[in-house]
Amino acid sequence: MDRGLFIGSAFIAGRSGKRIQCIDPATGEPFDSVPAGNAADVDAAVSAARKAFDSGWKRTSGAERAKVLREISKGINANRDGLAALETRDNGKPLAESYIDVDTIAQIYEMYAGLAEGLDAKGEEAVDLPGEAMKSTVAYRPIGVVGMITPWNFPLEQFTWKVAPAIAAGCCAVVKPSEFTSLSSLELARIIADAGLPAGVLNVVTGTGPEAGEALVRHPGIDKISFTGSTATGKHIMRIAAEDLKRVSLELGGKNPVIVFDDVDIDPAVEWVAFGAFVNQGQVCTATSRLLIHDTIADRFLKRLTEVAEAIRIGSGNAEGVKMGPLVSQAQYDKVMSYIEAGRKAGATLLTGGARPAGFDKGYFVAPTIFSDVADDMTIWTDEIFGPVLSVMRFKDEAEAIRRANDTPYGLAATVLSKDEARAERVADALDAGITWQNCNNMVVIQAPWGGVKKSGMGRELGRWGLESFLEPKQKTRWLPGGGLGWYEVPAAAGG
Ligand code: NAD
């Protein structure tokens, strides 16, 4: 298929003429391609977005934007099968999980329709002032044209977490999806255009990070960059954005702990731990890839966890009943295998996995991998691997568990499993993370704020926090006739 860049509601060829191959991660074979967008393409997309913003989109009511958002949601439901199949082909994830992603994004557009209407209902917010001389209100204005850069692990979700609230806020967008998984973003752009979004409000420029991505970050016509990806790229983007003080929000990496106390029921706790480590092949920013297990139950727990990991059905995302597919790319496969090798060399004990699963001689498959006897300074404990690798450490008491859990530069998510609800609450409060889960794991609550502390980023997505990240509060202060001079000096005194 000859896919193009999506600029001003039309699919057009990239100016460079170069294309990026789309590889099926289950086979390693190319099956499609997208344009390698360049700085000139980015410039055209930003111009289209600016034109749409200034010519009227910024003045639309929340109700008008809500109408389009609801149509988008309907369009996604109508294209459910096609979107899910495309996501699985391009990313490798099990088809059942692609369906969950598609259904979730339909709900997100619907949720932001309600929040857009809420903006109308809220109107301007009154500010409490001492004295009678003035009246101040706050109007919420769309930030403007936003550059959005997304990763490859949840392409449809990451696109939507940014685009839906931006539309709700009255912003225009230029999205640069990951070069590894651009297809579903282009398909979703088509569905969004068909749903009636005016031309130029949404644009998608495919291409590599250093070329198309960086051109977007550097473009003077961009008011804000909303980025999701690795901490290293996030830092680089923030440095560039500082040049002309662009707003930035950054959803970055994590090395998230799951703490399991000795009062849990072993079987459900094992399921939550396995889910947090291996869902989406471990390619999840909130993957709980560090297990802290109470030492009195550690042997029993790890035996059961190993059995569960070994029973996970692996295969092409399209195969029936598959729970784990391949990793997204050869590069990601090589990276994960090099961490596994480093863990072995450093002396950790490999309980299971550590290699390609038997019977898979092509594609980027890695068996669920568990290391115990892990030390604080091993890279499998300190670094975000972004693959199905779980590192385990034992602890003796609550204070030690909290200390070890927090001993990381990251602060995205953290999980605690304990039947003692007061303890679970206490530990969750003590964990330095933007998201905590008690007696569950890796639940995405679309109405609640999502984002990290420390080196996991800044800003929040989802819920009303996602909407607020695309709004700028504007102070409007009026001097009231006959309101007196309030607490100011009389002008004669001021004039000397
Ligand atoms: P990445 O940083 O390599 O790439 C992310 C995006 O940035 C891609 O679109 C890429 O093309 C672009 N990019 C790369 N270099 C760039 C540059 N110089 N200028 C502008 N753009 C550039 O990350 P990835 O490997 O695609 O994704 C995995 C990372 O994403 C992990 O660290 C993961 O934790 C993180 N992530 C975080 C969240 C969250 O919500 N916090 C969600 C999903 C993924």
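For ligands, and for the atoms within them, numbers begin at 1 and follow the listed sequence. Count residues from 1 along the sequence.
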**Q** If you look only at distance, which donor and acceptor atoms sit under 3.5 Å apart when one is on a side chain in residues 204-213 and the other is two or more places apart or in another chain?
**A**
residue, atom, partner, partner atom, Å
Thr206, OG1, Pro35, O, 2.6
Thr208, OG1, Glu211, N, 3.2

**Q** For this output row, return yes or no: ring centroids of Trp381 and Tyr339 closer than 6.0 angstrom.
**A** no
**Q** Show me, by chain and number, every protein residue that has a heavy-atom distance under 4.0 Å to ligand 1.
**A** Ile149, Thr150, Pro151, Trp152, Asn153, Gln158, Lys176, Pro177, Ser178, Glu179, Gly209, Gly213, Glu214, Phe227, Thr228, Gly229, Ser230, Thr233, His236, Ile237, Glu251, Leu252, Gly253, Cys285, Glu384, Phe386, Leu412, Trp450
**Q** Could you check whether any side-chain heavy atom of Trp450 comes within less than 4.5 Å of a side-chain heavy atom of Cys285, counting everything from C-beta outward?
**A** yes
**Q** Taking Pro155 as the fixed residue, which of Asp90, Asn91, Thr150, Asp101 is the one that meets the side-chain contact (heavy atoms from CB on, under 4.5 Å) rule?
**A** Asn91
**Q** Identify every side-chain donor-acceptor pair in residues 271-280 under 3.5 Å, counting partners at least two apart or on other chains, and give the distances.
**A**
residue, atom, partner, partner atom, Å
Asn280, OD1, Lys93, NZ, 3.4
Asn280, ND2, Asn153, O, 3.1
Asn280, ND2, Gln283, O, 3.2

**Q** Name all pairs fulfilling the salt bridge (Lys or Arg N to Asp or Glu O under 4.0 Å) condition that reach into residues 361-375, sequence neighbours left out, sorted by first residue then second.
**A** none
